[in-house]
Structure formats: structure tokens, C-alpha cells
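Below is one structure, written out as C-alpha cells; the observations come after it.
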Amino acid sequence: MEERKIKLTFGYQGTAYYGFQRQNNGPSIQAEIEKVLKHILRHETKIVASGRTDSGVHAREQVAHFVTTSRIPADRLVPAMNTFLPDDIVVLHAVDVPMDFHARYDVTEKTYKYRILNQDTPDPFIRDWAYHVKAPLDIEKMRAAAAYFLGTHDFTSFCSMRTQVEDKVRTIYEVTIEVTQRDKFVPGQGLDIWLTFRGNGFLYNMVRMMTGALVEVGKGRWEVDYVKWMLEAKNGMIAKANVPPQGLYLWKVEYRKSTPPGV
């Protein structure tokens, strides 16, 4: 039978998983989706995502493709898959795409968000959704430091030593920091802080390390210009600050303008 390619858009809460990629030592998003597809399509297939997310990281909008010989209409896959998937994984959209479409290599932009809860005490209701920072943060200094990330740079100083790609040059189009005062009528409530990073691509742990640097600046431990020095150093061995995974969200994945409508 003739093969066809389908693009999936889906979201997930990453708390219960060892990351997106299939693992031998624990559950993964990929394994759960492929298991459900096998049940529905009646054959095995492998999904190829726009990129991996680590253990505990969430996705509001992840994208993947897979190849099938099934004749099931793409739009019928959405309710069928959601019937069998666990509640913390939801398929949002499915559409047929040309066979030369690639969920990873055709990406033009990605947006990540990182959530910080800045107050004296943790909030047990969002402990899996945000990073609790007790120390007061100087938001204006964080914004000043974030400006150094804009543009095209070698981000060797802001990625894990486990990063396998040789080319560490990326372009960052936007870094914003939004602050919301939590319920002022509830004792102990502080600030809800969202950092947004939009760029043409990100290295392994890059967003978490950029966020970590901004938090150190906000705490007053690092000077604003230290971020500039780190970028210019292009040194993977320098001291870095990382933040935990639960505050990180893959927010949006964009594709080339020539991609057909609905894709």
C-alpha cells in the first residue's frame, strides 16, 4: 500500500516521564505515542519529533511526523489517539503532509518559556510546573543581561558538555521577562515570572543555562556584564548555573513559510 506522512501536534506534562525520547529505564513520551499508534494503525511506526525534551520538561506544543500505510483520515486520529493516551499527553492536531516534510529539519523557529515562582515559600500546587526561587530577584538587571543573548552567537558557554553537535552558533530573536503579582490578599504570595526565549534553534540545556545565568544576575551574585563575558568566552568548561527542568516548557514550533496550509 502507498505510504503517507502525517504531522502530529501534541502537548504533554513531562513530570512522569524520562523525557521525550524512548528510554530503556523508564517511560517516555515517544514510547507512549508509538504504542497508541501501533494499536490504531495496526502496524509499528516511529515518530520523529522537532527535538527532544528532558525528563520533567513540559511541552505546550511539540511536533512530530510519522509514516503510515493506513487510510484512516488524519483528523480522525486526534480523538482516537486521545482515547488511549494517558491524561498527561494530548494530541492537538493531525494533518497529512508531503513526504519530504521533516519535523526536525524543517523547523525555522522554536519558542521556549521558563516559569519561576519568586516568593518566600514554595507552592505545592505548582511544584511540578515552576522553579521556586526564594531570594528577591532584580528584574531590571535580569532584562539588561538578557539583552546580551539577542542576535547570533556561539553558545558554547551555555550548553551541556554532553552536547554532541559541533556547530554551536544559534540566533536568538527574542528574550522577554513577564512578571505578575500573585494574589496580594493571600499571605506570602510573591511573583509569577515567565521568561520567553525565541530563536532558530537551541542546544542541549541551553535555555535552562541561560535562565540560570539570569537568575544569578537577579540574585546579585553575578554582574550583568558577566553574561556578555560568558558568551564571548565560548568555553564549555566555565562555571555555569543551571535551573531544574520542571519550569521549562516547549511552547511553539514554527516551520518554513512554503509549508502547505494547516501544516
Side-chain angles (χ1 to χ4, degrees), residues 1-113 128-129 162 164-165 201-202 204 207 245-246 248-263:
M1 296 181 66
E2 185 178 355
E3 291 185 333
R4 52 198 278 247
K5 184 174 283 190
I6 294 178
K7 173 195 169 194
L8 285 179
T9 304
F10 52 99
Y12 49 86
Q13 180 186 1
T15 305
Y17 300 94
Y18 283 51
F20 171 81
Q21 189 177 25
R22 182 184 287 275
Q23 304 286 329
N24 294 324
N25 60 338
S28 69
I29 305 296
Q30 181 181 13
E32 292 293 333
I33 292 178
E34 289 177 352
K35 179 174 66 176
V36 168
L37 282 173
K38 180 180 178 181
H39 175 75
I40 295 172
L41 303 174
R42 303 303 181 188
H43 67 80
E44 290 189 356
T45 188
K46 179 181 179 180
I47 62 170
V48 178
S50 68
R52 306 171 185 176
T53 53
D54 285 343
S55 176
V57 175
H58 316 295
R60 174 179 175 269
E61 185 180 293
Q62 172 68 285
V63 176
H65 75 252
F66 66 91
V67 175
T68 181
T69 54
S70 170
R71 294 293 93 198
I72 299 175
D75 59 350
R76 287 179 56 190
L77 283 173
V78 177
M81 293 183 69
N82 286 335
T83 297
F84 297 105
L85 283 168
D87 292 341
D88 48 9
I89 305 174
V90 177
V91 176
L92 306 170
H93 188 61
V95 63
D96 284 273
V97 291
M99 289 300 291
D100 63 352
F101 171 82
H102 199 284
R104 180 177 303 168
Y105 299 136
D106 289 347
V107 173
T108 57
E109 289 185 14
K110 282 186 178 181
T111 300
Y112 282 90
K113 287 181 180 283
D128 293 328
W129 297 88
R162 295 165 56 191
Q164 297 178 349
V165 296
F202 295 88
Y204 184 47
V207 175
Q246 73 267 20
L248 183 60
Y249 301 72
L250 173 58
W251 204 256
K252 190 171 184 60
V253 184
E254 299 278 2
Y255 289 89
R256 63 184 187 277
K257 298 303 181 183
S258 60
T259 304
V263 180

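Everything quoted here is computed from the prediction, not taken from an experiment.
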Could you check if a side-chain atom of R60 sits within less than 4.5 angstrom of a side-chain atom of K113, using non-hydrogen atoms only? no

Would you say the ring centers of Y17 and Y12 fall short of 6.0 Å from each other? no

Could you list the residues that satisfy side chain to side chain donor-acceptor pair (under 3.5 Å) with T68, not counting sequence neighbours? H43

Test side chain to side chain contact (heavy atoms under 4.5 Å, CB included) applied to A49 - qualifying residues, sequence neighbours left out: F20, Q62, A64

Between I29 and F10, which heavy-atom pair has the shortest distance, and what is it? CG2-CE1, 4.1 Å

N24 meets the side chain to side chain contact (heavy atoms under 4.5 Å, CB included) criterion, sequence neighbours left out, with none

With sequence neighbours excluded, residues passing side chain to side chain contact (heavy atoms under 4.5 Å, CB included) with P79: none

Whether the side chain of H102 engages the backbone of V48 through a donor-acceptor N/O pair (distance < 3.5 Å, no angle test) should be reported. no

Do V57 and L250 make a side-chain contact, defined as non-hydrogen atoms from C-beta onward lying under 4.5 Å apart? no

Are M81 and I33 packed together at the side-chain level, in the sense that at least one heavy-atom pair is separated by less than 4.5 angstrom? yes

Test of understanding: with ring-ring contact (aromatic ring centres under 6.0 Å, His included), list the residues that count as partners of Y18, not counting sequence neighbours. none

Look up atom CG in L8 and atom CG in L77, then write down how far apart they are to the nearest 0.5 Å. 7.0 Å

Check A94 against V78 and note the closest heavy-atom contact, atom names and distance. N-CG2, 3.7 Å

Spacing of CG belonging to D88 relative to CD belonging to E32, to within rounding of 0.5 Å: 8.0 Å

What is the distance from atom NZ of K35 to atom CD1 of I40, rounded to the nearest 0.5 Å? 12.0 Å

When rounded to the nearest 0.5 angstrom, what is the spacing between OH in Y112 and NE2 in H58? 13.5 Å

dist D106:CG -> R256:CZ (nearest 0.5 Å) comes out at 4.0 Å

Please check: side-chain N/O of E61 versus main-chain N/O of K252, any donor-acceptor pairing under 3.5 Å? no

Distance-only, no hydrogens or angles: does the N82 side chain make a donor-acceptor pair with backbone N or O of V91 under 3.5 Å? yes

Side chains of V165 and Y204, heavy atoms from C-beta outward: is any pair under 4.5 Å? no

Indicate yes or no for a side-chain donor-acceptor contact from R4 to the backbone of S70 under 3.5 Å, with no hydrogens or angles considered. yes

Value for CD1 (I72) from CG (D75), rounded to nearest 0.5 Å, stands at 11.0 Å

Of all heavy-atom pairs linking I89 and L85, the shortest is O-CB, 3.8 Å

Side chains of T15 and Q246: closer than 4.5 Å at any heavy-atom pair? no

Do V63 and Y255 touch side chain to side chain, with heavy atoms closer than 4.5 Å? yes

Hey, could you give me each pair passing salt bridge (charged side-chain N to carboxylate O under 4.0 Å, His left out) that has a residue in residues 40-52? Not counting sequence neighbours. K38-E44

Is it the case that the side chain of T9 and the backbone of L92 share a donor-acceptor pair, with hydrogens and angles ignored and the cut-off at 3.5 Å? no

Is it true that the side chains of S28 and Q30 contain a donor and an acceptor less than 3.5 Å apart? no

For F101, is there any backbone N or O sitting under 3.5 Å from a side-chain donor or acceptor partner on K5? yes

